[in-house]
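So you know, we letter chains A, B, ... as the sequences are listed, proteins then strands, and number each from 1. Atom set for the values below is all heavy atoms of this structure, side chains included, hydrogens, waters and symmetry mates excluded.
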Amino acid sequence: MAEAQVPEQIGGAAWLRRRQKAPRGRIEIGDPFLARLLRIYIPVLVFVVVTLFPFYWMFITSIKSDTELLDFHQLPIFVREPTLKNYEHLFTQTFFPHWALNTAVVAVVSTAISLFCSILAGYSLGRLRFRGANWIGWAIFVTYLVPPTLLFLGMAKLIQVFVLYNNLWSLILTYPTFLIPFCTWLLIGYFKGIPRELEESALVDGATRIQAMLRIVIPLALPGILSAGMFAFTLSWNEYLYSLIFMNDPISKTIPVGVTQDLIRGDEFFWGELMAAALLGSIPVAMLYSFFVDYFVAGMTAGAVKG
Amino acid sequence: MTNDELVEVFERDPELLDWTRRTFLKRTGALVVTASLAEMWAVACGGSSTSGSTGTTGKPPVPRKGARIVYTQWNSFVPAGDTEVRRQAKEFSDQFGVEVVVQTITQDDLIAKTAAYVQAGDGPDVISMQYSWPHLYTSACLDVTNEVNLLKQKLGAIHPVNDAYCKVSGVYRAVPYTIVMNAWSYRTDYFDKAGVSPFPKTFEDMIIASGKLAKATGKPIAQTVGHAYGDSLTMWLPVLWAHGGKETDASGKVSINSPETMKAIDWALRAKAAGEVFHPEWLDPDNNQAYHSDNISATLNGPSIYIKERDTNKKFDKVTDNAVMPAGPKGVFTMNLIFNQAVMKWSKEPETAKAFVMYQMDKDNYLKWMAAAGGYDIGPFAAINNAPIFQSDPKLKAFHDVAYDPTGKPVGYWPGWPAPPSKKSSQTQAEYITADMFAKALAGTSPQQAVKEAEDRLRNIWEKP
Amino acid sequence: MSILTRAGVGRVGVRRKRPSPFDNEAFLGYLLLVPTVLMLTIFLAFPFIYGVVLSTTSTEVGDNALGQFVAFANYVFEAARDGVFRTAFQNTFTYTFYTTIVKFVLGLSMALLLNQVFPLQRFVRAALLLPWIIPSVLSTLAWRWMFDPTFSVINWVMNSGLHLPICHGSTTCVNWLGTPNTAMVAMMIVNIWRGTPFYGIAFLAGLQTIPIDLYEAAKVDGATRWSQFRYITLPMLRPVLLVVILLSTILTFADFQLPWVLTRGAPYNSTQLLATWAYTIAIPGNQLSIGAAVSLFLFPVLTVVIGVVLLLLRRPE
């Protein structure tokens with residue numbers, strides 16, 4: 001096959017060139033507008049509306065005053081007298097900014113740790129051949145079968161032994177237990193997909209395995225690593241049970257726990273503030289993601305153009 | 001407590017060992033300690049089950065300067081109450097040169113956290129225990145018999161329900177703290193319109209009232225029959241008891257499959273037919289929400305509905321009043337939410353912790369807290385069960401009467417009655433067995449079937465080998 | 001040596017180094033696994049073993065030490081005598097099965113759509129990710145508010161907005177959380193809403209890696225869009241499909257937050273799932289060991305489910 005060329009430089013950009021551009025920025029010739037409308041635009045619209053309606057509702061709720069909230073005699077899907085009271089309450093009467101910071105810190109650091117572990121593990125299990133590789137791969141995956149509602153008691157004991165109660169490190173060190181397995185699996189898949197010839201030729205050229213790993217394989221798996229990172233960040237951002245059990249101080253909580261503790265008083269849900277917190281706890285992250293998703297796809301395309 | 005458990009406790013708290021020795025010596029007049037740890041402990045704590053309640057008392061706990069304790073309670077439904085708790089904590093801290101950190105946790109999550117603390121063997125110094133938790137976490141709670149006896153001297157007799165919850169095998173594992181009362185809040189304007197006055201005094205009257213209300217106003221009497229922590233069993237266990245039904249008898253033998261239970265279910269079905277609405281999906285906030293938004297005419301709840309209308313919403317406060325539980329063939333039965341404070345065995349400052357608990361129970365401080373909470377709580381001791389707030393706001397009378405009748409006699413029962421509180425009654429409560437039974441019958445399952453299922457589930461718990 | 005360098009094997013001037021231990025596949029393989037194995041052993045192995053041991057004893061919360069050893073008695077007890085367990089078991093299967101299928105279909109459609117060109121692409125991509133990003137506790141609360149027995153905006157839309165006949169003109173159109181079937185449907189809706197982005201993005205990534213020459217070649221051969229999909233897209237997506245479906249199945253099976261926050265198992269346990277039932281028994285119900293046993297029931301069940309999924313999806317290597 002013509003594609004099996006040995007690349008000229010170590011770096012493999014030429015390999016990227018083989019991969020064609022994703023069908024982006026192109027409209028097929030002869031694709032009439034009506035057909036596109038039916039096939040693409042309308043379905044996309046439907047998806048967007050269904051996905052975003054709850055967020056619209058959350059937004060409306062967050063700018064409604066208490067009295068308007070419980071008044072169903074008028075159109076509930078519009079707001080008559082918008083107020084920023086709920087947001088103000090969130091920022092002044094609760095520790096919301098702290099919670100946001102805590103959640104971000106925990107998510108970033110635990111994602112970093114997980115990525116570090118799973119990149120190495122993924123490479124090892126995906127490209128190196130040695131005894132027991134399969135077993136270990138399965139063992140890592142199998143850890144997912146144990147639900148956190150069972151694990152948290154044993155973990156509580158561990159955290160107490162390590163004297164990490166109320167310390168964000170208790171979360172940073174325990175989150176990888178559910179982040180690493182998935183990231184590893186994802187990365188094994190990506191690593192497996194990178195042709196062996198690249199490494200082989202590099203080794204033949206005199207590089208060590210580690211150099212080959214660092215200079216060739218890992219950069220090529222960057223989209224996969226980014227995806228894994230995104231998923232890890234999200235799962236970590238989302239986590240509730242461990243954070244509830246390990247963090248005690250109101251100021252050290254993470255968003256899911258802090259919000260539900262302070263804005264729900266058994267008999268009463270402070271819907272306005274709750275929805276405000278929900279929005280603030282997700283939209284900034286989504287905007288950040290939108291850049292990465294772009295990068296991730298652009299990475300593929302850019303590589304093809306540059307190469 | 002066994003000797004081994006005592007050794008563990010004393011290792012963590014040498015001062016407690018000193019106290020035990022000294023008290024033992026004082027009480028027995030012995031010159032030398034030859035007894036085992038367990039014997040010393042028993043004597044120091046006031047001896048056997050009977051003497052525990054009349055109890056000789058030792059000295060009150062003294063806070064240690066420079067100590068830091070963590071006090072954990074639920075996130076109260078009335079925020080003003082929590083504010084007062086924090087204020088008192090600060091006052092105590094300043095007065096004694098210590099630091100009291102107040103932590104509040106949502107009611108639902110408090111049990112998970114408490115279980116985690118107990119399993120890990122570490123956590124806050126004082127935990128607010130709901131219902132029969134002292135029975136569940138007995139070995140993690142310090143003996144506070146001394147403190148309770150001191151309070152009994154100062155404040156009088158303890159409400160039997162709090163007492164039953166705090167006392168485990170003759171030893172007090174928690175200090176009675178408060179009762180959150182449950183009564184019916186209703187809209188006087190709708191009731192007047194329907195020609196129902198006063199609030200029905202019997203369950204049969206309630207059926208008639210439901211019919212009238214539904215026809216005249218379209219706003220039903222509504223209650224949860226689901227898994228609402230605070231509102232579900234406080235309704236359905238009294239309904240069951242008032243008709244003579246019981247989950248188990250006093251010895252723990254399952255006795256729910258009885259004609260009386262069928263009568264209770266029959267009542268529920270007839271009430272539904274008359275127009276009363278029972279929601280299986282309602283959680284605690286739902287009836288509050290429905291009431292505040294003018295969708296229902298009456299519901300059973302803690303004082304939070306009335307207090308919110310009176311103090312915050314001010315929309316239906318003038319047309320809201322409260323009433324006690326109606327009577328069934330066997331009388332009036334009520335069930336309230338019970339809180340007690342436990343000092344945990346892992347606490348490094350048990351004396352300070354106990355001292356803070358005592359501080360809260362000081363009559364003046366307690367009454368201040370009751371006032372701040374606006375009538376949400378009632379004290380479990382004779383001297384603090386009739387605060388000024390109940391006089392200044394006559395509409396709160398019903399809430400007072402569901403815990404203490406007008407003569408001052410305590411009323412009310414606990415989940416699992418007539419069996420004494422235990423781990424089994426606690427599990428029964430956690431699984432909402434009785435509520436589910438009514439819910440299924442109301443949804444169309446044959447009553448016999450619903451009762452049989454409840455019986456099986458109860459047997460799984462009470463008669464497990 | 002000089003012959004080899006003069007023969008110009010690759011870069012001039014790079015001498016062949018002495019093979020270091022790091023070049024040994026096996027050694028490097030194990031070495032690279034160390035961080036992962038370390039993290040998982042310390043923080044996962046102990047709690048897991050603790051959980052397993054718990055399930056074979058009769059421990060309750062507050063017990064100072066583990067209770068008596070009862071081997072599999074807890075498991076037998078649950079399976080044979082606990083009606084709620086059986087209900088929860090069934091519910092969990094139903095829940096996982098239907099949501100996985102729907103998420104798969106919707107996720108794939110989403111990926112195919114996002115792979116196309118249309119205005120505001122970036123916005124749409126970010127927007128479609130939102131349900132996955134927002135903390136599950138908070139989004140489930142929002143949905144509860146949307147399904148609220150009194151204030152459901154969905155009912156409002158169905159009744160006052162769209163005037164659907166099944167509403168009979170009432171604003172409490174469907175009692176979403178009040179009857180067993182609708183409550184289960186409500187739970188599934190929230191799960192699907194929350195989980196589809198995960199499928200969508202993963203499939204999109206997979207789609208991006210399919211070389212376009214395959215499609216070009218197929219078109220030249222006269223293949224329709226549908227057969228292109230069937231014979232190129234789907235098979236090439238298999239590895240991604242596998243990972244995503246496996247993971248999603250496992251996480252959905254063990255889902256706790258959603259049913260707990262949305263329904264608490266009501267009405268009368270018809271939306272009780274294994275995870276929430278295990279939790280109810282263990283923590284408020286105080287029976288740690290039985291709760292652990294229920295949790296661990298998931299283990300063999302999931303293994304079987306995974307086996308089935310693998311069988312269906314794994315391409316012979």
Side-chain angles (χ1 to χ4, degrees), chain A residues 19-20 22 27 40-41 43-44 47-48 51-52 54-55 57-58 72 76 117 120-121 123-124 128-130 143-147 149-151 154-155 158 173-174 176-177 180 182 185 189 204-206 208-210 227 234 238 240 255-256 260 271 274 278 281-282 285-286 289-290 293-294 300, chain C residues 10-11 14 16 22-23 25-26 28-29 32-33 35-36 39 43-44 46-48 50-51 110 113 116-118 122 124-138 141-142 145-146 151 153 156 205 208 211-213 239 243 247 250 254 256-257 275 278-279 292 295 298-299 302:
Chain A
R19 292 175 159 275
Q20 299 289 326
I27 295 183
I40 305 176
Y41 299 154
V44 167
F47 261 106
V48 170
T51 308
L52 289 189
F55 287 95
W57 182 239
M58 283 189 235
F72 239 45
C117 293
L120 298 183
Y123 182 84
S124 159
L128 300 176
R129 287 169 287 226
F130 54 94
T143 61
Y144 260 133
L145 305 184
V146 187
T149 44
L150 174 71
L151 292 173
M155 285 218 192
L158 261 185
L173 292 177
T174 49
T177 55
I180 291 180
F182 173 68
W185 257 70
V204 160
D205 281 354
T208 63
R209 263 195 194 284
I210 295 198
S227 307
T234 308
N238 242 295
Y240 182 76
I255 287 181
T260 50
W271 290 116
L274 272 172
S282 53
V285 179
Y289 274 26
S290 72
V293 169
D294 245 20
M300 303 290 290
Chain C
R11 246 201 242 277
V14 172
R16 212 166 181 65
F22 291 111
D23 279 325
E25 274 198 63
L28 190 61
L32 292 179
L33 281 177
T36 301
M39 284 295 301
F43 290 102
L44 201 54
F46 169 69
F48 175 57
Y50 183 69
M110 190 194 266
L113 284 173
Q116 309 288 333
V117 170
F118 49 85
R122 180 187 280 197
V124 170
R125 247 182 282 137
L128 292 182
L129 268 181
L130 272 174
W132 174 243
I133 292 173
I134 181 175
S136 186
V137 182
L138 299 176
L141 274 175
W145 175 228
M146 284 173 65
F151 294 108
V153 63
W156 188 90
Q208 306 270 310
I212 235 191
D213 9 348
V243 173
L247 187 71
I250 292 176
F256 172 74
Q257 271 184 45
Y279 178 81
S295 285
L298 287 170
F299 212 95
L302 276 177

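Of all heavy-atom pairs between C:Pro135 and A:Gly281, the closest is CD-O, 3.9 Å. C:Leu128 and C:Met110 get closest at one heavy-atom pair: CD1-CG, 3.9 Å. Minimum interatomic distance between C:Leu33 and A:Ala121 (heavy atoms only, all atoms of both residues): CD2-CB, 3.7 Å. In terms of heavy-atom proximity, C:Ile133 sits nearest to A:Ser282 at CG2-O, 3.8 Å. Closest non-hydrogen pair, A:Thr51 versus C:Ala127, comes out as CG2-O, 3.9 Å.
Among A:Leu52, A:Thr174, A:Val44, A:Ile255, the residue making the largest number of heavy-atom pairs under 4.5 Å with chain C is A:Val44. Put simply, of A:Phe182, A:Trp271, A:Tyr123, the one with the most heavy-atom pairs under 4.5 Å next to chain C is A:Trp271. Residue with the most contacts toward chain A among C:Gly51, C:Ala126, C:Ser295, C:Ala254: C:Ser295 (heavy-atom pairs, distance under 4.5 Å). Between chain C and the residues A:Leu274, A:Val285, A:Thr177, the most heavy-atom pairs under 4.5 angstrom are made by A:Thr177.
Residue contact with chain A, scored on non-hydrogen atoms closer than 4.5 Å, involves the backbone and the side chain of C:Phe43 alike. Of the two parts of A:Phe55, only the side chain, counted from C-beta on, holds a non-hydrogen atom closer than 4.5 Å to a non-hydrogen atom of chain C. For chain A, the nearby parts of C:Phe48 are the backbone and the side chain; heavy atoms of each come within less than 4.5 Å. Looking at C:Ala278, neither its backbone nor its side chain comes within 4.5 Å of chain A, counting heavy atoms on both sides. Of the atoms belonging to A:Leu151, heavy atoms from both backbone and side chain fall under 4.5 Å from chain C. Contacts between A:Thr260 and chain C at a heavy-atom distance below 4.5 Å involve the side chain alone, from C-beta outward. In this structure, chain A has heavy atoms under 4.5 Å from both the backbone and the side chain of C:Leu130.
For the pair C:Val124 and C:Leu113, the minimum side-chain heavy-atom distance is 4.5 Å or more.
Judged as a side chain to side chain contact (heavy atoms under 4.5 Å, CB included), and not counting sequence neighbours, the contacts of A:Thr234 are A:Asn238, A:Tyr289, C:Trp132. The side chain to side chain contact (heavy atoms under 4.5 Å, CB included) search around C:Ala142 returns A:Met58, A:Met275, not counting sequence neighbours.
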